[in-house]
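What follows is a short report on a single structure.
Side-chain atoms are counted along with the backbone in the values below, which use heavy atoms only and exclude waters and symmetry mates. So that the names make sense, note that chain A is the first sequence line, chain B the second, and so on, each numbered from 1.
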There are 2 protein chains.
Amino acid sequence: MGRLSIGELARKTGVHIETIRYFEKIGMLGAPDRTAGGHRVFDDGHLRTLKFIKRARELGFAPKEVRTLLDLGGPAEACCDEVREIAIHHLEEVRRKIDDLTRLERHLTATVEQCSGGHVPDCAVIDMLETARP
Amino acid sequence: MGRLSIGELARKTGVHIETIRYFEKIGMLGAPDRTAGGHRVFDDGHLRTLKFIKRARELGFAPKEVRTLLDLGGPAEACCDEVREIAIHHLEEVRRKIDDLTRLERHLTATVEQCSGGHVPDCAVIDMLETARP
DNA sequence: TGTACGTCCTGTAGTAGATATAGGTTCAAG
DNA sequence: CTTGAACCTATATCTACTACAGGACGTACA
């Protein structure tokens, strides 16, 4: 079971040591116990929380959203409503982003195809960028 | 024609005044003329450049890429080759991002659908976040 | 028990890319 | 010629970390 040094925690989660200390400082991760000499001693709860944070960040949840999710999901009185709200909001943003990027992808593909690749005064890419958004 | 104060330029481009000064400081935007009293006076070139920067950022080009595009597209000796390279590289990243987001979108959608919305001890969203990535 | 070396500690500073504030100056309309 | 909006510089703040410097701790081995 858990009596992890910061280094072990870092290896198990893939989160940098400095980042773990940073998370503690900003209150994202609870303050761990300390040895007599002052070294941090983490437990399984910290491991779980840190993995949660990491995964949520990887999935694109903003730091503030992660914090809210932690607050909601933390003390076992998890309120599905609010968690759901955040997830749905995030989902909407993801969809919007996909749309934007898909448009850009089409635009860029067409532009690059037009591009001769030579040294010409007029460049399709530059033109595209100079054109105001419709 | 162009004899724009910084405020007018900000209104025409939607870029904050402070950000315009910031762009000037870091060399992204050329230093404008000044009135006798020291107020900045921009011209159409600045307007064009600032619009270009804004659009490129909106399209997801990194600040460094924008700078390179400006350098290439700037002095009329525009080299289509390099511009094309940047665009293609960017296009690859856009496609990768679309893939990632699409996967996330499916994942989130499925999760949210599973979610009852009530006050239950187990929440699909929280579960999803606590599950290690496959 | 000693010692050596890896790990850990705090504190500070740096990063990008802005954004905000404080305190003072200039411009332009009436 | 006044008044108020807009502008000026300089410095500080922000987010989300990352990177030192200089020193203290912990543990494996002799």
Side-chain angles (χ1 to χ4, degrees), chain A residues 2-43 46-47 49-71 86 90 93, chain B residues 2-43 46-47 49-71 90 93 129:
Chain A
R3 297 291 291 171
L4 301 161
S5 73
I6 197 167
E8 287 163 340
L9 187 62
R11 273 189 295 281
K12 288 202 178 199
T13 57
V15 177
H16 287 166
I17 287 180
E18 294 87 354
T19 309
I20 295 173
R21 284 197 282 250
Y22 168 72
F23 283 163
E24 183 191 332
K25 203 175 70 184
I26 64 168
M28 190 88 107
L29 194 63
D33 287 347
R34 299 279 185 148
T35 65
H39 284 201
R40 287 170 180 83
V41 181
F42 298 92
D43 60 29
H46 292 104
L47 180 60
T49 304
L50 192 51
K51 277 185 178 169
F52 182 96
I53 294 169
K54 202 192 173 212
R55 176 134 168 88
R57 295 291 288 116
E58 280 170 0
L59 291 177
F61 285 86
K64 275 183 190 173
E65 290 176 321
V66 176
R67 197 183 283 256
T68 308
L69 288 171
L70 283 172
D71 290 348
I86 294 174
H90 186 53
E93 280 192 358
Chain B
R3 296 290 291 171
L4 301 160
S5 73
I6 195 167
E8 286 163 340
L9 187 61
R11 273 189 295 281
K12 288 203 178 198
T13 57
V15 176
H16 286 167
I17 287 180
E18 295 87 354
T19 307
I20 295 172
R21 285 196 282 250
Y22 168 72
F23 282 163
E24 182 190 332
K25 201 175 72 184
I26 63 168
M28 191 87 107
L29 193 64
D33 287 346
R34 300 278 185 146
T35 64
H39 285 203
R40 287 169 180 81
V41 181
F42 297 91
D43 59 29
H46 293 103
L47 180 61
T49 303
L50 192 53
K51 278 186 178 170
F52 181 96
I53 293 170
K54 200 190 173 213
R55 174 130 170 92
R57 295 289 289 116
E58 280 171 358
L59 291 177
F61 284 86
K64 276 184 190 175
E65 290 178 320
V66 176
R67 198 182 283 257
T68 308
L69 287 172
L70 282 172
D71 290 349
H90 187 56
E93 282 193 357
L129 289 167

If you define the side chain from C-beta out and look only at heavy atoms, does anything of [X] sit under 4.5 Å from [Y]?
{"X": "A:Arg67", "Y": "A:Ile26", "result": "yes"}
{"X": "A:Ile20", "Y": "A:Phe42", "result": "yes"}
{"X": "A:His46", "Y": "A:Leu4", "result": "no"}
{"X": "B:Ser5", "Y": "B:His39", "result": "no"}

For [N], does either OP1 or OP2 sit under 4.0 Å from a side-chain N or O belonging to [X]?
{"X": "A:Thr35", "N": "D:dC25", "answer": "no"}
{"X": "A:Arg40", "N": "C:dT7", "answer": "no"}
{"X": "B:Arg21", "N": "C:dG17", "answer": "no"}
{"X": "A:Arg34", "N": "D:dC25", "answer": "no"}
{"X": "A:Thr19", "N": "D:dT18", "answer": "yes"}

Which listed nucleotide ([options]) is nearest to the side chain of [X]?
{"X": "A:Tyr22", "options": "D:dT18, C:dG17, C:dC9", "answer": "D:dT18"}
{"X": "A:Ile6", "options": "C:dA20, D:dC7, C:dC8", "answer": "C:dC8"}
{"X": "A:His39", "options": "D:dC17, D:dC25, C:dC27", "answer": "D:dC25"}

[X] has an atom [atom1]; how far is it from atom [atom2] of [N], in whole Å?
{"X": "B:Asp33", "N": "C:dC27", "atom1": "CG", "atom2": "P", "result": "14 Å"}
{"X": "B:Lys54", "N": "C:dA18", "atom1": "NZ", "atom2": "C1'", "result": "15 Å"}
{"X": "A:Glu8", "N": "D:dG26", "atom1": "CD", "atom2": "P", "result": "14 Å"}
{"X": "B:Arg57", "N": "C:dT19", "atom1": "CZ", "atom2": "P", "result": "10 Å"}
{"X": "B:Glu18", "N": "D:dC14", "atom1": "CD", "atom2": "P", "result": "16 Å"}
{"X": "B:His16", "N": "D:dC7", "atom1": "NE2", "atom2": "P", "result": "14 Å"}
{"X": "B:Ile20", "N": "D:dC8", "atom1": "CD1", "atom2": "C1'", "result": "14 Å"}
{"X": "A:Lys25", "N": "D:dA19", "atom1": "NZ", "atom2": "C1'", "result": "13 Å"}

Backbone N/O of A:Thr13 and side chain of A:Lys54: donor-acceptor pair under 3.5 Å: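 Pair found, side chain donor or acceptor close to backbone of A:Thr13.
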
Pairwise 5' ranking along DNA chain C for B:Gly37 and B:Lys64, keeping only the more 5' one: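 The 5'-side residue here is B:Lys64.
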
Touch class at under 4.0 angstrom, heavy-atom based, for B:Ile17 against every strand present: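 The residue B:Ile17 makes sugar-phosphate contact but no base contact.
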
